[in-house]
Protein chains: 2
Amino acid sequence: MTTEFTLRQVAKATGLSIHTLRYYEKVGLLAPIFRTANGHRRYSAEDIAWLEFLVRLRETGMPIKKVIAFADLVRQHPNEVSERRMLLEEHRNQVKQHLEELTHHLQVIDLKLEHYKQLEATGENDHSCIFWKHHLEKSLE
Amino acid sequence: MTTEFTLRQVAKATGLSIHTLRYYEKVGLLAPIFRTANGHRRYSAEDIAWLEFLVRLRETGMPIKKVIAFADLVRQHPNEVSERRMLLEEHRNQVKQHLEELTHHLQVIDLKLEHYKQLEATGENDHSCIFWKHHLEKSLE
DNA sequence: ATAAAAGCTAGAGTGCGCTCTAGGTCAATA
DNA sequence: TATTGACCTAGAGCGCACTCTAGCTTTTAT
């Protein structure tokens with residue numbers, strides 16, 4: 001409330017672009033930001049705190065529409081926390097699951113890398129190129 | 001090579017849509033798939049193996065262009081594995097980093113959830129709603 | 001023999017999340 | 001006084017990754 005920040009400052013602070021900050025406000029990810037007499041935005045520390053949480057939701061894959069739904073809950077039911085909790089809990093579980101899938105994918109990629117390293121060490125050809133050869137043969141018929 | 005599969009079968013096997021399979025071939029994620037006399041696609045077991053790895057790359061966030069670059073390396077340098085290894089290693093590191101960021105984000109979300117649970121238990125209001133009030137006050141001036 | 005189901009291509013359309021442009025105001029600096 | 005630079009709005013444009021349509025042929029089931 002006391003200290004207020006310009007668009008430019010907030011862009012620098014959050015890592016979001018100036019364009020994105022205006023866009024986020026336009027679509028309702030942010031409540032309307034306070035304006036000076038000439039219409040320029042002034043962000044409060046609380047605005048920045050919300051932006052930081054919002055970015056976390058986005059970076060964990062929450063679609064913009066769902067973040068808007070979350071923001072709307074705060075606006076419409078500021079004293080009712082349970083709906084927000086449920087929405088966030090659902091998201092948390094999705095992130096958790098995604099995390100587990102990624103971990104598994106990483107293991108497979110690591111296996112493939114191990115395989116490559118062995119091939120490089122022994123100077124052998126990649127076995128999987130057979131599959132490409134098959135197409136070459138066919139196209140030469 | 002021996003057993004071959006129809007478009008429909010491969011869609012079911014990989015979880016990709018029929019449209020997507022044709023699209024992937026068109027843009028070069030797959031080498032041209034073998035065709036029957038009437039022009040219908042017939043996928044080999046190797047095609048499916050590559051599709052499965054490809055899906056893993058996509059699901060770990062590798063952009064299509066980069067997957068194409070990877071596929072091109074196999075086609076152009078089937079005996080040279082080191083470039084492929086480097087590309088894949090770079091991707092692996094990005095996935096690892098992403099995984100760590102996600103883990104951190106998850107912790108913050110869990111903290112927020114803890115906070116919500118406490119509020120629900122004590123029946124208190126969410127402190128963060130102050131930030132929304134600020135805007136309401138301003139709009140009433 | 002005919003209808004339904006599966007396949008084909010080229011290319012248009014969609015949804016998401018920005019990102020940029022045009023055309024303007026206002027304040028401070030050279 | 002003129003110009004630079006930060007800001008404003010409305011709305012157009014873009015890149016990605018599909019997804020679907022139109023109009024056609026072929027195959028399979030009844």
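When reading the values below, keep in mind they use all heavy atoms of this one structure, side chains included, and skip hydrogens, waters and symmetry mates. Reminder, nothing fancy here: chain letters follow the sequence lines and each chain counts from 1. The model shown is predicted, which means the values in this text are computed figures rather than measured ones.
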Problem set entry | Test salt bridge (Lys or Arg N to Asp or Glu O under 4.0 Å) applied to Glu83(B) - qualifying residues, sequence neighbours left out | none
Exercise. When the ring planes of Phe70(A) and Phe53(A) are compared, do they come out parallel, tilted or perpendicular, using 30° and 60° as the limits?
Worked result: tilted
Problem set entry | Contacts of Arg56(B) that satisfy side chain to side chain contact (heavy atoms under 4.5 Å, CB included) - sequence neighbours left out | His104(A), His105(A), Val108(A)
For this session: Would you jot down, in residue-number order, the residues of residues 18-27 of chain B having a non-hydrogen atom under 4.0 Å from DNA chain D?
Result: His19(B), Thr20(B), Tyr23(B), Tyr24(B)
For this session: List for me each residue that meets salt bridge (Lys or Arg N to Asp or Glu O under 4.0 Å) alongside Glu90(B), sequence neighbours excluded, and say none if there are none.
Result: Lys66(B)
Exercise. Would you say Arg41(A) reaches dT9(D)'s phosphate, i.e. side-chain N/O to OP1/OP2 under 4.0 Å?
Worked result: yes
Exercise. What does nucleotides 23-30 of chain D look like as a protein-contact string, B for base, S for sugar-phosphate only, - for none, at under 4.0 angstrom between heavy atoms?
Worked result: ---SS---
Throw together a table of side-chain donor-acceptor distances under 3.5 angstrom for residues 5-15 of chain A, partners on residues two or more places apart or in other chains.
from	atom 1	to	atom 2	distance (Å)
Thr6(A)	OG1	Gln9(A)	N	3.2
Thr6(A)	OG1	Gln9(A)	OE1	3.4
Gln9(A)	OE1	Thr6(A)	N	2.8
Thr14(A)	OG1	Val10(A)	O	2.8
Thr14(A)	OG1	Leu16(A)	N	3.2

Problem set entry | Under-4.0 Å side-chain N/O to phosphate OP1/OP2 contact, Thr6(A) with dC7(D) | yes
Problem set entry | Among dC8(D), dC7(D), dC18(D), the nucleotide that comes nearest once only the side chain of Leu7(A) is considered | dC8(D)
Problem set entry | Residues that Arg58(A) engages under salt bridge (Lys or Arg N to Asp or Glu O under 4.0 Å), provided they are two or more places apart | none
Problem set entry | Those residues that, when tested against Glu89(A), pass side chain to side chain contact (heavy atoms under 4.5 Å, CB included) (two or more places apart) | Arg85(A), Leu113(B), Lys117(B)
Only pairs under 3.5 Å count here: list side-chain donor-acceptor contacts from residues 20-33 of chain A, not counting sequence neighbours, and write none if there are none.
from	atom 1	to	atom 2	distance (Å)
Thr20(A)	OG1	Ser17(A)	OG	2.9
Glu25(A)	OE1	Arg41(A)	NE	2.6
Glu25(A)	OE2	Ile33(A)	N	3.0
Glu25(A)	OE2	Arg35(A)	NH2	3.1

Exercise. Rounded to the nearest Å, what distance is computed from the NZ atom of residue Lys65(B) to the C1' atom of nucleotide dC14(D)?
Worked result: 12 Å
Problem set entry | Asn93(A): partners by side-chain hydrogen bond (donor to acceptor under 3.5 Å, both in side chains), with sequence neighbours left out | none
Problem set entry | Range on DNA chain C touched by chain B - first to last nucleotide, heavy-atom distance under 4.0 Å | dA6(C) to dG11(C)
Problem set entry | All salt bridge (Lys or Arg N to Asp or Glu O under 4.0 Å) counterparts of Glu114(B), not counting sequence neighbours | none
